[in-house]
Each structure stands twice: as structure tokens, then as C-alpha cells.
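As a basis for the values below, the full set of heavy atoms in this structure was taken, side chains included, without hydrogen atoms, waters or symmetry mates.
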Amino acid sequence: MKATAQVLPKNIQMTLTSNECSNHAKPIRLMMIEGEEICPACQIAKENQNFEQSLQQEVLNRAAKKKRNTLYRHSAFADETIREASFGKFIAESEEEAKNKELAIKAFNHYKAGKTFTTLLQGDTGVGKSHLAMSILRNLNEKMDSECIFISVREMMSKIRDSFDHKESKYTQLYFVELLARVDFLCLDDLGAETGAITTNKTATNFTLEVLTAILEARQSKSTIITSNLSRNQMELMYDKKLISRCLKNIAVIKFEQTRDKRIVAFDLLQEV
């Protein structure tokens, strides 16, 4: 840090005064700068303090930005269109959809208020479960500076298995367990699809159980959002009743029972090319 006299413009008038500053081990002569009497040592200390505070704030800003970027840099989507999901883009076409959108907004508000619980969005494929889950995360990410991540369970398990044959891959079991345990809010998307089929008698492999157990047990004090075609009873049969019961003990359910698959839209071949 340069001395005060060195950083001031050359045309500023400075003179030493007969007064001294007694805040130091040895008294220091005060300086008159543009009509103001100051202690150069105190001024340098003040400038150093301001610089340190500015540097600390910069570190905090970068850390907050890094947390916000986790959602978009480290998420794993089975459907890339979910990246842009928001409450505003969720068009409710039925009473059930309108009710479930409102429930998802309420879930966000409870999370924002500091409450810890699991939100389970249930229903058939394409009804909007993932859209609402991502909408909750985006609001938490943007309005609370929370570190959030959206993970397709099927994509995660695929990346982990691929790392067995590609040792340079970072997407190991340890990578995902540490990342998903760390973040403030996690969405496990399409739980059950990683088994290859959604049936009441299908069970997850021991390896899948190991990964999910490590993640969910590490998050017992944190909030998690889960989307699935499975009911809670089916989840307990497919995975482990003890694990599911413990991790979903404080659960809010948003259920789609009548909503149709919104992805199925007829394409009009008679329209102009």
C-alpha cells in the first residue's frame, strides 16, 4: 500500500502542522491536506482496512456466484428443456394442474422460510413434475442464493457406471455423493426410472441402493425434492423400506392423478412448410 502522499494528486497542497497524533507508539506529525488536518499513519490504516473489506466482499460475492452457478453447471438432466422451467412457464390446463402449481409455490415459500422437509411430486410421465421441481429450485437459487442441483437419477447412475471404464471421468460415485450431500437443496428426478422399468415388483440393484443410501442419509438434515412415477409404497418395495421411511418421514406430497402427458402433442402435417 502506497503512502498517502504518493497516491494523492500532485496539485493538492500539503503541509506539516505542529500537532501530533498520539494513537501510535511514537507521536506522528499531522498533515494539513486541502484544509483538513489528518494523520498519515491513521489514513494508511484506514485505506488498508477499506481494501481488506473490499477484498473480503469480493471473495463473498465470488462464493455466492459459484453457488448460484451450481444449478446450471453441475445438474444432470434427462430432458434438457427442463433447464428453462419456471413457474411462469407452467401453463395450468386443468384444476389439478393449477392446484399443484400453487402447492409447489407454497413449498418454495416454506423452504424460503427455513423449514426442512421433503417434497414428493408423483404422477405419470410428462405431467409436469420435473417442471415444477425445477421451478422451486430456480426460485431458491435466484432469490435466496442457495446452492441447488437437479439430478436425473438415471443419468447419474449412467455416468457413475461409465466412470468404471473411463478412469479419467470425474463422475464417480464419490463425486456425486459429496456433491449432492453438500448442496442446500437437491432434486432427485424420476426416481425409479434408473431400474429400467416401473413395476411394483421391480427392485433396485445393490449398487443403486448403495449410492442412494449414501446421498439420502447425508441429507437427513436438509431438504430434498423427489419426482417419481412411483407411490411411496412402491418406493419402499423397490428400494429399502427403512431408508425410504427415514428419509421421507417429513414429506409433502404433490400428486398428479388426472393430468395427461403434456408431451404428447399431435403434429399437423397439413400445415405450411
[X] versus [Y], closest heavy-atom pair with distance:
X: D190; Y: R154; answer: OD2-NH1, 4.5 Å
X: A76; Y: E155; answer: CB-CB, 4.2 Å
X: T81; Y: D79; answer: OG1-OD1, 2.7 Å
X: E210; Y: Q173; answer: OE2-NE2, 3.0 Å

Q. Going by the ring pair (Phe, Tyr, Trp, His ring centres under 6.0 Å) test, which pairs reach into residues 143-162, not counting sequence neighbours?
A.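 Ring pair (Phe, Tyr, Trp, His ring centres under 6.0 Å) check on residues 143-162 returns F77-F150.
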
Side-chain touch [X]/[Y], heavy atoms, less than 4.5 angstrom:
X: K129; Y: N229; result: yes
X: T259; Y: E93; result: no
X: C39; Y: H24; result: yes
X: I136; Y: I225; result: yes
X: D184; Y: M144; result: no

Q | Residue E95 excluded, over 12 heavy atoms near CD under 6.0 Å | A |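 Not buried by this count: 12 neighbours or fewer within 6.0 Å.
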
Q: Check whether more than 12 heavy atoms from other residues, nucleotides or ligands sit under 6.0 Å from atom CD of Q271, and answer yes or no.
A: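 Enclosed: over 12 neighbouring heavy atoms sit under 6.0 Å from CD of Q271.
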
(Q) Has Y239 got a side-chain atom pairing as donor or acceptor with G192's backbone, closer than 3.5 angstrom? (A)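 At least one qualifying donor-acceptor pair exists.
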
Q: Say whether, by atom type as modelled, one donor and one acceptor occur between the side chain of H74 and the main chain of T70 under 3.5 angstrom.
A: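 Such a contact is absent between H74 side chain and T70 backbone.
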
Q: Answer yes if the side chains of D189 and S152 hold a donor-acceptor pair under 3.5 Å, and no otherwise.
A: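 No pair is found: no donor N or O on one side chain lies under 3.5 Å from an acceptor on the other.
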
Q | S146 side chain to Y111 side chain, donor-acceptor N/O pair below 3.5 angstrom | A |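 Result is no, nothing qualifies.
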
Q) When clusters are formed by joining ILVMFWY residues with side-chain heavy atoms under 4.5 Å apart, either directly or through shared neighbours, do I91 and L103 land in the same one? A)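 Hydrophobic grouping puts I91 apart from L103.
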
(Q) If the threshold is 4.0 Å, N to carboxylate O, is there a salt bridge linking E236 and R232? (A)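 The answer is yes: the pair qualifies as a salt bridge.
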
**Q.** Residues forming a side-chain hydrogen bond (donor to acceptor under 3.5 Å, both in side chains) with K115, sequence neighbours excluded
**A.**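 K115: side-chain hydrogen bond (donor to acceptor under 3.5 Å, both in side chains) contacts with H110.
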
